[in-house]
*Asks:* 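Here you go, one structure.
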Amino acid sequence: MTTSKLTKTLLSTLLLGAATGASAAAFQLAEVSTSGLGRAYAGEAAMADNASVVATNPALMSLFKQKEFSAGGVYVDSRIHMYGPVTAKVLGVEVAKGSATQNSVVPGSLVPNMYFVAPINDKFAIGTGMNVNFGLKSEYDGNYDAGLFGGTTDLTAINLNFSSSYRISEGLSAGLGLNAIYAKAKVERTAGILDTAIDNVRTTPALQQQIAARAAAARIPATGLMQRLGGLGAQIEKSTALTRLQDNAWAFGWNAGLLYEFNDRNRIGVAYHSKVDIDFKDNTALSYAPRGTAAYVGEGGLTLHLPSYWEVSGFHQLTDKFSVHYSYKYTQWSRLKDLHATYNNGQVAFHKDEGYRNNSRFALGTTYDLTEQLALRAGIAYDESAAGEHHSASIPDTDRTWYSVGATYKFTPNLSVDLGFAHLRGKRISFKENQSLANGLVVVEADYQSKAKANLYGLNLNYRF
């Protein structure tokens, strides 16, 4: 196995991990506000509860009569459990078998947000905000047998937004925003079952004979075969880091929205967020040298294609106290057709057809003003998977259903707090992952079953002045 080949393995493992799921499809995050959490983010492009409209539909800023500030976050407590075996084969001969089972592979995490809206006059308003549109994190034990597929994956894309809105007519408003995205990525994969596999091949004559017979049948020269297999790593352990890559990068995008008010009780909104391409480069990407025990450091780069998405929402105040709201969100994940990595000299390092598909999200919510101080919310949503037949152990993407409740309490007419809770339940899935090494001599395969659920807890403070 050449150094170039192992570096390809590093990049391919990164890409497999980076195209996986979070609380929305693939690795998209929906948690832009706590008020939205309480209604399963139904009506986001038409609701103007607080300054979080900066992150959803900037045209909604035209509804504000006062300056408003909102800050808080949503804590995501995910419970993703993986089950199944992992095997290592040399020329089709099984040389080691282990467990790919691990519970709670996704640690709890806080998704923060902060927004400010300022009306300039009756027609024009500006706003700014910070939220996280995309992100994922998964952590497997250092001694995990399927370390080639698990390990650590950490990706965060923080969105900094500056927006403006303009009231075109009495019922029609438009908004436009510019986005600067700061992305951080870190990926590490471990040897896992390769430790046992290589040791078994070196120390078991019966396995050597079977492998030699397969090599002869395939007309592969037997001379030095065992030495080449041993060269995968003469002294590696399960926890040995075979790959490690990390980088920070900036990218830019835009968003726009329209709002039409039929009257003060009924309105619809449309919002669009542009695609974004993030270029990651690491001059010190670490991989394990194939001919010995030293680490190899090389330069690798890849472009991560984040999707565009749009949303259509409605808001209807049916009585003085009761309103309904709904959303349809469409995300163009199909632009992530493949994952392509190159070296600094232009040589192709890795190419994988990913085949992601566009996905839809449907949400329905209600709000009930119990008193002048207390508003109650509830919502339900269905979020389709974007992965199709392509899944990963890093965070397997799956169809999920949201069940949400929330409330807003006004301490004063200008100071309020939002509370929200959502329970997410994912569909149980089965999938396989495999990785070939040493020019195809060794194949590691994990046969996974996965089930996922999550609880989300939100808190935001809002202040008007």
*Asks:* If we only count heavy atoms from C-beta on, is the I168 to Y166 side-chain gap below 4.5 Å?
*Replies:*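 Contact flag for I168/Y166 side chains = yes.
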*Asks:* State, without any angle test, whether S163 and N161 hold a side-chain donor-acceptor pair at a distance under 3.5 Å.
*Replies:* yes
*Asks:* Salt bridge or not between R335 and D277? Use side-chain N to carboxylate O under 4.0 Å.
*Replies:* yes
*Asks:* Any salt bridge between R39 and E44, counting N to O under 4.0 Å?
*Replies:*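 Salt bridge present between R39 and E44.
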*Asks:* Salt bridge or not between R265 and D320? Use side-chain N to carboxylate O under 4.0 Å.
*Replies:*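 Looking at D320 together with R265, the answer is yes, because their closest N to O distance falls below 4.0 Å.
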*Asks:* Under 6.0 Å from the six-membered ring centre of Y448 and within 45° of its axis: does the NZ or CZ of K432 meet both?
*Replies:* no
*Asks:* Decide if atom CG of D122 counts as having more than 12 heavy atoms of other residues, nucleotides or ligands within a radius under 6.0 Å.
*Replies:*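 Open.
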*Asks:* Given side chains that start at C-beta, do those of T128 and Y115 come closer than 4.5 Å, heavy atoms only?
*Replies:*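 No, every pair of side-chain atoms sits at 4.5 Å or beyond.
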*Asks:* Examine distances only and state if a side-chain atom of Q102 and a backbone atom of D141 form a donor-acceptor pair shorter than 3.5 Å.
*Replies:* yes
*Asks:* Ring-plane angle category for W250 and F252, please: parallel below 30°, perpendicular beyond 60°, tilted otherwise.
*Replies:*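 Rings of W250 and F252: parallel, under 30°.
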*Asks:* Do Y409 and S416 have side-chain heavy atoms sitting under 4.5 Å apart?
*Replies:*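 A side-chain contact under 4.5 Å is absent here.
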*Asks:* Charged N to carboxylate O below 4.0 Å: is that the case for E384 and K427?
*Replies:* no
*Asks:* With distance as the sole criterion, is a donor-acceptor pair present between the side chains of N358 and Y330 under 3.5 Å?
*Replies:* yes
*Asks:* Please indicate whether K321 has more than 12 foreign heavy atoms, meaning atoms of other residues, nucleotides or ligands, lying under 6.0 Å from its NZ.
*Replies:* yes
*Asks:* What do the steps show when you test F362 against Y382 for ring pair (Phe, Tyr, Trp, His ring centres under 6.0 Å), and what is the final call?
*Replies:* CA-CA 5 Å; F362 308 86; Y382 182 75; 7.1 Å; no
*Asks:* Just wondering, more than 12 heavy atoms not from M130 lying within 6.0 Å of its CE?
*Replies:*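 Yes, enclosed.
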*Asks:* Any side-chain donor-acceptor pair under 3.5 Å between Y182 and N248?
*Replies:*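 Yes, a side-chain donor-acceptor pair sits under 3.5 Å.
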*Asks:* Quick one: does any side-chain atom of R464 pair with a main-chain N or O of K67 as donor and acceptor, under 3.5 Å?
*Replies:* no
*Asks:* Is any NZ, NE, NH1 or NH2 atom of the basic residue among K238 and D145 found under 4.0 Å from an Asp or Glu carboxylate oxygen of the other?
*Replies:*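 Between D145 and K238 there is a salt bridge, with a charged N closer than 4.0 Å to a carboxylate O.
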*Asks:* Can you tell me how far NZ of K329 sits from OH of Y41, rounded to the nearest 0.5 angstrom?
*Replies:* 10.0 Å
*Asks:* Could you check Y309, F134, W310 and say which one makes a ring pair (Phe, Tyr, Trp, His ring centres under 6.0 Å) with H273?
*Replies:*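 Checked Y309, F134, W310 against H273; only one passes ring pair (Phe, Tyr, Trp, His ring centres under 6.0 Å): Y309.
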*Asks:* Regarding R361 and the six-membered ring of W402, is the cationic atom NZ or CZ under 6.0 Å from the ring centre and inside 45° of its axis?
*Replies:*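 The answer is yes; both the distance and angle limits are met.
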*Asks:* Just wondering, are more than 12 heavy atoms of other shown residues or ligands nearer than 6.0 Å to NZ in K123?
*Replies:* yes
*Asks:* Ignoring hydrogens and geometry beyond distance, is a side-chain donor-acceptor pair present between R357 and S385 at under 3.5 Å?
*Replies:*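 Side chains of R357 and S385: no pair found under 3.5 Å.
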*Asks:* For the residue pair F116 and F465, does the interplanar ring angle fall in the parallel (under 30°), tilted (30 to 60°) or perpendicular (over 60°) class?
*Replies:* parallel
*Asks:* Let me know which of T34, N460, N462 forms a side-chain hydrogen bond (donor to acceptor under 3.5 Å, both in side chains) with D418.
*Replies:* N462
